[in-house]
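One structure is given below, encoded as structure tokens.
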Amino acid sequence: MTICVLTFVYNDWPALWALLPLIDSELGNAGLAAEMLIVDDGSTQAAPSCLPVSFRALHVIRVLRLRKNLGHQRAIATGLAYIYDHLSYDAIVLMDGDGEDRPADAVRMVRIVEKDPTAIVFAERSKRSETPLFVFFYQVYRLMHVLLTGTAIRVGNFSVIPSSLLGGLVVDMNLWNHYAACVYVSNAKTSTISTERGKRLDGQSKLHFTSLVIHGLSAISCYNEKISVRLLLCTSFAFTLLLSCLLLTVGIRLFTHLAIPGWATYTAGIVTIILLQLMLLSLLLSMSLLSGRKRQDIIPLRDYGYFLAEVKELYRV
């Protein structure tokens with residue numbers, strides 16, 4: 001089975017160099033061989049020109065350098081498109097380059113893909129190691145994600161992609177925004193294994209709070225059509241409910257002898273204003289949905305070359 005390990009880095013070379021021997025050891029112990037593609041996401045610190053070490057399972061290591069920093073999701077999209085366009089493997093192992101994705105778990109996922117090469121295997125975190133504040137905001141995000149999209153996701157980038165599914169991903173416009181959300185929106189067959197987050201091998205994460213919020217919103221944006229329909233249904237329900245209340249108030253006033261309090265007129269006016277706003281919101285959602293279907297977004301396989309600066313081979317057996 002031919003394997004490519006795809007990872008990405010932004011000024012985090014020490015952690016990546018510490019990770020390479022761990023990947024090589026796990027693959028070698030499992031009797032697997034692989035090549036590696038490192039996407040340099042516009043790092044300001046240059047990668048070494050060669051690796052002064054030898055590996056047992058890693059036969060080729062390449063660095064794909066981008067012209068500018070695109071963010072890790074677009075670095076992933078560029079790497080996958082390059083692999084599909086220029087290389088050929090049975091499976092692609094996608095993992096972070098800092099050590100938090102454990103190589104031993106990657107081997108477990110590869111074994112699953114060997115048995116079933118029709119599904120993308122994701123690592124699902126059974127235990128998180130972040131601060132309580134991070135966990136709190138993450139749970140808030142998960143709740144918001146479920147309410148807006150109707151889908152609960154507990155996976156990230158760490159996964160193994162069989163080659164049979166790669167072609168569909170690299171022509172999906174959502175891949176440019178968020179890899180995991182793209183897979184789930186495309187209804188590709190998936191499975192998960194339970195894993196624990198590993199420890200970062202060196203330095204600190206480059207993702208700060210703002211970057212994490214953008215990352216989360218990027219995932220939600222992949223469900224824009226579903227979100228638009230769900231919001232449209234909610235506003236339609238609210239519109240029907242408020243209109244019924246307004247008609248009931250007017251009916252009581254005109255056709256019965258029941259007393260109507262003095263504030264009913266003001267209430268009816270406020271309800272009418274809310275109804276008009278809901279009508280406008282529904283119209284805007286509908287137009288946004290229709291215009292979004294006509295917009296020409298970036299297709300990774302077609303457009304990745306604009307962001308590619310060079311491909312350099314660091315190591316070959």
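Bear in mind that the values here come from a model prediction, so they are computed numbers and not experimental data. Residues take their numbers from the sequence shown, with the count starting at 1.
Between the CG atom in Asp105 and the OG atom in Ser194 there is a gap of 8.5 Å [rounded to 0.5 Å]. Put simply, CD on Glu100 and OG1 on Thr195 are 11.5 Å apart, with the number rounded to the nearest 0.5 Å. Interatomic distance, Asp96 CG to His72 NE2, rounded to the nearest 0.5 Å: 7.5 Å. Atom CG of Asn177 is separated from atom CD1 of Ile220 by 12.0 Å, given to the nearest 0.5 angstrom.
For Thr149, the side chain to side chain contact (heavy atoms under 4.5 Å, CB included) criterion is met by His145, Thr151, Tyr223, Ile227, not counting sequence neighbours. With sequence neighbours excluded, the residues that form a side chain to side chain contact (heavy atoms under 4.5 Å, CB included) with Asp172 are Asn174, Cys182, Ser186. Considering only residues two or more places apart in sequence or on other chains, Thr192 meets the side chain to side chain donor-acceptor pair (under 3.5 Å) condition with Glu124. Remark: Thr44 pairs with Asn11 by the side chain to side chain donor-acceptor pair (under 3.5 Å) rule, at least two apart or across chains. With sequence neighbours excluded, no residue forms a ring pair (Phe, Tyr, Trp, His ring centres under 6.0 Å) with Phe136. By the side chain to side chain contact (heavy atoms under 4.5 Å, CB included) test, Met1 pairs with Ile3, Asp90, Ala91, Val110, Val113, Glu114, sequence neighbours left out. Under the side chain to side chain donor-acceptor pair (under 3.5 Å) criterion, Thr240 pairs with no residue at all, not counting sequence neighbours.
The side-chain heavy atoms of Phe307 and Ile298, taken from C-beta on, include a pair separated by under 4.5 Å. By the 4.5 Å heavy-atom criterion applied to side chains, Ile161 and Leu169 are counted as neighbours. The side-chain heavy atoms of Leu276 and Leu280, taken from C-beta on, include no pair separated by under 4.5 Å. Within the 4.5 Å cutoff, side-chain heavy atoms of Met144 are placed close to those of Leu148. Residues Tyr10 and Asn69 are in side-chain contact: their nearest non-hydrogen atoms beyond the backbone lie under 4.5 Å apart. A heavy-atom distance below 4.5 Å is found between the side chains of Ile193 and Ile112.
Pairs passing the salt bridge (charged side-chain N to carboxylate O under 4.0 Å, His left out) check and including a residue from residues 175-192, sequence neighbours excluded, read Asp116-Lys189. Residue pairs meeting the salt bridge (charged side-chain N to carboxylate O under 4.0 Å, His left out) criterion with at least one partner in residues 63-73, sequence neighbours excluded, are Arg65-Glu310. Annotation: salt bridge (charged side-chain N to carboxylate O under 4.0 Å, His left out) contacts involving residues 228-246, sequence neighbours excluded, are absent.
None of Asp40, Asp41, Asn157 except one satisfies the side-chain contact (heavy atoms from CB on, under 4.5 Å) rule with Phe8; the exception is Asn157.
A donor-acceptor contact shorter than 3.5 Å links the side chain of Trp13 to the backbone of Gln45. Distance alone, capped at 3.5 Å, places no donor-acceptor pair between the Asp98 side chain and the Arg200 backbone. The backbone N or O of Ala104 sits nowhere less than 3.5 Å from a side-chain atom of Arg102 that would complete a donor-acceptor pair.
Residues Thr2 and Ser88 approach most closely at OG1-O, 4.3 Å, considering heavy atoms. The minimum heavy-atom distance linking Gly156 with Ala180 is given by the pair O-CB, 3.7 Å. Across every non-hydrogen atom of Glu196 and Arg125, the tightest pair is O-NH1, 3.7 Å. Contact between Ser159 and Tyr179 at its shortest, heavy atoms only, is OG-OH, 2.7 Å. Taking every heavy atom of both residues into account, Met109 and Ala123 meet most closely at SD-N, 3.8 Å. Residues Pro162 and Pro117 approach most closely at CB-O, 3.3 Å, considering heavy atoms.
There is no path of hydrophobic side-chain contacts, each under 4.5 Å, that joins Trp176 to Ile214. Cluster annotation: Leu94 is not connected to Val60 through the hydrophobic network of ILVMFWY side chains, with a link wherever side-chain heavy atoms come within less than 4.5 Å. Both Tyr306 and Leu64 are part of a single hydrophobic cluster, where members link through side-chain heavy atoms under 4.5 Å apart.
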Pair Ile92-Leu166, side-chain contact (heavy atoms from CB on, under 4.5 Å): steps then yes or no: CA-CA 9 Å; Ile92 297 93; Leu166 183 59; 3.8 Å; yes
Audit row: Val5, Met95, side-chain contact (heavy atoms from CB on, under 4.5 Å) steps and yes/no: CA-CA 7 Å; Val5 179; Met95 61 190 301; 3.8 Å; yes
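You'll find the ring centres of Phe158 and Phe122 outside the 6.0 Å limit.
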Please tabulate, for side-chain N and O atoms in residues 76-85, each donor-acceptor pair with protein atoms closer than 3.5 Å (sequence neighbours left out).
| from | atom 1 | to | atom 2 | distance (Å) |
| --- | --- | --- | --- | --- |
| Thr78 | OG1 | Arg74 | O | 2.8 |
| Asp85 | OD2 | Tyr304 | OH | 2.7 |

Would you list the atom pairs, donor with acceptor, under 3.5 Å between side chains in residues 15-39 and any protein atom, with sequence neighbours excluded?
| from | atom 1 | to | atom 2 | distance (Å) |
| --- | --- | --- | --- | --- |
| Asp24 | OD1 | Arg56 | N | 2.9 |
| Asp24 | OD1 | Ala57 | N | 2.5 |
| Asp24 | OD1 | Leu58 | N | 2.9 |
| Asp24 | OD2 | Arg56 | N | 3.0 |
| Asn29 | OD1 | Arg56 | NH2 | 3.2 |
| Asn29 | ND2 | Ser25 | O | 3.2 |
| Glu35 | OE1 | Arg62 | NH1 | 3.0 |
| Glu35 | OE1 | Tyr89 | OH | 2.6 |

